[in-house]
Trainee: 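Just dropping this structure here.
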Amino acid sequence: MSGRAVKRPRRDHSVVNVWERELGLLPNRNFSNRFSASEDLLRRLGLDKKLVKHKGCVNTVSFNADGDILLSGSDDKQVILWDWQTPTVKLSFDSGHFNNVFQAQFMPFSDDRSIVTSAADKQVRHSKILESGQVETCLLGKHQGPVHKLAVEPGSPFSFYTCGEDGVVKHFDLRTRVATNLFTCKEAKFNLVVYLHAIAVDPRNPGLFAVAGMDEYARVYDIRSYRSEGWYNFTQPVDHFCPDHLIGSDHVGITGLAFSDQSELLASYSDEFIYLFTPDMGLGPAPYPSSTKTQERRTTPTPPQVYKEHTNRETVKGVNFFGPKCEYVVSGSDCGRIFIWRKKDGECGQILQADKHVVNCVESHPHMPLMCSSGIETDIKIWTPGGTERPLSPGNAKQDLVSGTRWYHEYIVDDDDDDDSDDETSDESSDDDDDVGAEEAENGDADVGITNDDEDDDGEG
């Protein structure tokens, strides 16, 4: 008899959970959480429907708080609100941007009528849906480089943050329509500006937010330091996160960040892997060897959990959690697939073919065990248990990391446009949209009033 240990097959307790619920031994809420996080449900995920309306790559998708409306933005500069279950377009409007829309988010407690967007044209804009169904958009502020991500302060209908490739992090307040420059992110060793691509707010501690971009560190800042001590003492992060073997690397960057409900931080590295950091894995305010605190923290025997097999090289990809208690990690890949890993051990449990080219966005539903995805193709895909698309075998879909086209050259930015020409173009695009609106009225398109106020841009702090 061999002395090798036999790996026991993993058991699915779904039937036991149903039996316990029927006997009153398992509360309905606990049953719902266990069922939504079960691996049996994960294995049954498949393509349920496609949302077709955009005419360019779909760069951003997000659900509203109730989960019945899906918001999307695209290279076609349109923002669309979907009834994803039908699936039909509830509303479609011109964002007012002059280049690819990178991010669109509902503001909390706004009855889904307040939307903020950022784009490759360096602008940050606010769109307000009126009772008449028309949409008013206005310019809130501008970065000096493309703005890939924004982060809404949890529970606030007015406050959100943006980060740009100029390295600047801004705070916006919709009540005053003022953009405040919080700081310019610089690496400590040579004081060089870090081009930023990702920002995320900790939902468990909204005073903390993380930023990352074209170097190896995810930096965490405490907004309370800015409010109590002023800008002069806010440029220093309260913590840095990076796997030990990537410290000092000149060949990686971070394209996506996400906080879990347990304050864990996910970071998706270009030309590398995805890593999960717990709060005690931080390197401190100064991540260099001269820091005694850094040396002490590096002796921690537990490395960050790593998630492999996908490829992140060609575009700015996000990363996210899936499950009622963030039991899984999800990401798109350059091979056009969605990868889903168990958070606790990094084992890949599901792979879905989701795009002919690249999957950039994977967003989880806030209440139900389903997700949506988007990428280079012009549609949005909804994935539910029992969907018709058969998943791939994880064992046959492993991806080798090889050199190739870099992800930060995949969009076009017109640097020749100044602020005045942007304003003129905005008015022209508004007129053009009115012509198109007559043709698309049946699809839920709305008239849009676009205003570019120079005073708003000049009012940045």
Side-chain angles (χ1 to χ4, degrees), residues 45-95 97 100-106 112 115-120 127 148-150 256 258 314-322 330-340 350-389 391 410-411 440 443-446:
L45 278 178
L47 180 61
D48 181 66
K49 57 179 66 74
K50 296 180 181 180
L51 310 182
V52 181
K53 172 72 174 178
H54 282 295
K55 296 179 175 63
C57 303
V58 183
N59 305 310
T60 173
V61 287
S62 59
F63 290 98
N64 65 342
D66 292 334
D68 59 333
I69 300 176
L70 182 66
L71 180 67
S72 64
S74 168
D75 286 0
D76 61 12
K77 301 179 282 292
Q78 297 291 306
V79 172
I80 298 180
L81 284 72
W82 304 85
D83 180 348
W84 61 267
Q85 298 177 81
T86 316
T88 57
V89 174
K90 294 177 67 70
L91 184 68
S92 176
F93 63 91
D94 188 331
S95 64
H97 289 286
N100 306 348
V101 176
F102 283 154
Q103 185 81 46
Q105 291 282 340
F106 288 111
D112 302 326
I115 298 169
V116 288
T117 57
S118 62
S127 300
H148 289 274
K149 295 295 180 183
L150 57 85
E314 296 186 1
T315 56
V316 179
K317 292 179 188 63
V319 67
N320 222 321
F321 293 95
F322 180 67
V330 295
S331 174
S333 175
D334 291 343
C335 61
R337 295 162 178 165
I338 298 171
F339 287 76
I340 308 176
Q350 180 66 290
I351 298 175
L352 303 167
Q353 186 66 47
D355 197 283
K356 294 179 181 178
H357 307 285
V358 178
V359 177
N360 291 324
C361 305
V362 184
E363 289 290 326
S364 302
H365 191 275
H367 312 299
M368 295 191 290
L370 60 89
M371 64 178 66
C372 65
S373 68
S374 66
I376 301 301
E377 292 183 340
T378 59
D379 60 12
I380 301 166
K381 297 177 177 67
I382 306 295
W383 305 88
T384 64
T388 58
E389 186 81 6
E410 291 300 310
Y411 55 88
E440 299 183 343
N443 294 326
D445 291 349

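Just so you know, these numbers use all the heavy atoms, side chains as well, and skip hydrogens, waters and symmetry mates.
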Trainee: Of I380, V319, V61, which is the lone residue that meets side chain to side chain contact (heavy atoms under 4.5 Å, CB included) with C361?
Mentor: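 Result for side chain to side chain contact (heavy atoms under 4.5 Å, CB included) with C361: V61.
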Trainee: With a 4.5 Å cut-off on side-chain heavy atoms, are F93 and I115 touching?
Mentor: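 Answer yes - side chains close enough.
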Trainee: To the nearest 0.5 Å, what is the distance between NZ on K317 and CG on D334?
Mentor: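 Here the interatomic distance stands at 3.5 Å.
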Trainee: Nearest 0.5 angstrom please: T117 OG1 to L150 CG, how far?
Mentor: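 So the OG1 of T117 and the CG of L150 are separated by 8.0 Å.
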Trainee: Say you draw a straight line from CD1 of I382 to SG of C372; how long is it, rounded to the nearest 0.5 Å?
Mentor: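 Between atom CD1 of I382 and atom SG of C372 there are 5.0 Å.
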Trainee: Give, for atom CG of D48 and atom CG of L370, the distance between the pair rounded to the nearest 0.5 Å.
Mentor: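 It is 8.5 Å, given to the nearest 0.5 Å.
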Trainee: With rounding to the nearest 0.5 angstrom, report the CG to CD1 distance, D355 to I338.
Mentor: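 Here the rounded value is 9.5 Å.
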Trainee: Find out whether T60 and N360 are in side-chain contact, i.e. whether some heavy atom of one side chain is under 4.5 Å from a heavy atom of the other.
Mentor: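 No; the side chains remain at least 4.5 Å from each other.
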Trainee: Testing the basics here: between H54 and S74, what is the closest heavy-atom pair and its distance to 0.1 Å?
Mentor: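 Shortest heavy-atom separation between H54 and S74 comes out as ND1-CB, 3.2 Å.
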Trainee: Locate the shortest heavy-atom distance separating S331 from G318; write the atom from each residue and the value.
Mentor: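 The pair with the smallest heavy-atom distance is OG-O, 3.8 Å.
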Trainee: Search all heavy atoms of P369 against all heavy atoms of F322 and return the closest pair with its distance.
Mentor: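 In terms of heavy atoms, the two residues are closest at C-CZ, 3.9 Å.
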Trainee: On the 0 to 90° scale, with breaks at 30° and 60°, tag the F102-H148 ring pair as parallel, tilted or perpendicular.
Mentor: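 Geometry flag for H148 against F102: parallel rings.
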Trainee: Please round to the nearest 0.5 Å and tell me the distance separating atom CD1 of I351 and atom OG of S333.
Mentor: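 Atom-to-atom, I351:CD1 and S333:OG are 9.0 Å apart.
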Trainee: Heavy-atom distance under 4.5 Å between the side chains of P87 and W82, does that happen here?
Mentor: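 With C-beta onward as the side chain, the pair stays apart.
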Trainee: Hey, are D75 and N59 close enough side-chain-wise for a donor-acceptor pair under 3.5 Å?
Mentor: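 The criterion, which ignores hydrogens and geometry beyond distance, is satisfied for D75 and N59.
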Trainee: Nearest heavy-atom pair of A258 and F321: which atoms, and what distance?
Mentor: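 The answer is O-CE1, 3.7 Å.
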Trainee: For residues D379 and K50, report the shortest heavy-atom separation together with the two atoms involved.
Mentor: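 The pair with the smallest heavy-atom distance is OD2-CD, 3.4 Å.
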Trainee: Would you mind reporting whether N100 and K77 have side-chain heavy atoms less than 4.5 Å apart?
Mentor: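 A side-chain contact is absent here, since even the closest heavy-atom pair is not under 4.5 Å.
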Trainee: Could you check whether any side-chain N or O of W84 sits under 3.5 Å from a backbone N or O of K49, counting only pairs where one atom can act as donor and the other as acceptor?
Mentor: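 Side chain of W84 to backbone of K49, a donor-acceptor pair under 3.5 Å: no, none is there.
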Trainee: Considering all heavy atoms of both residues, which atom of E377 and which atom of K381 are nearest to each other, and what is their separation?
Mentor: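 It is OE1-NZ, 2.8 Å.
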Trainee: Do V359 and L352 come within less than 4.5 Å of each other through their side chains, counting heavy atoms only?
Mentor: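 V359 vs L352: side chains apart.
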Trainee: Are side-chain N/O atoms of N320 and E363 paired as donor and acceptor at under 3.5 Å?
Mentor: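 There is such a pair (donor and acceptor under 3.5 Å, judged by atom type) between the side chains of N320 and E363.
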Trainee: In the structure I gave you, are the side-chain heavy atoms of L47 and W383 within less than 4.5 Å of one another anywhere?
Mentor: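 Counting from C-beta outward, L47 and W383 do come under 4.5 Å.
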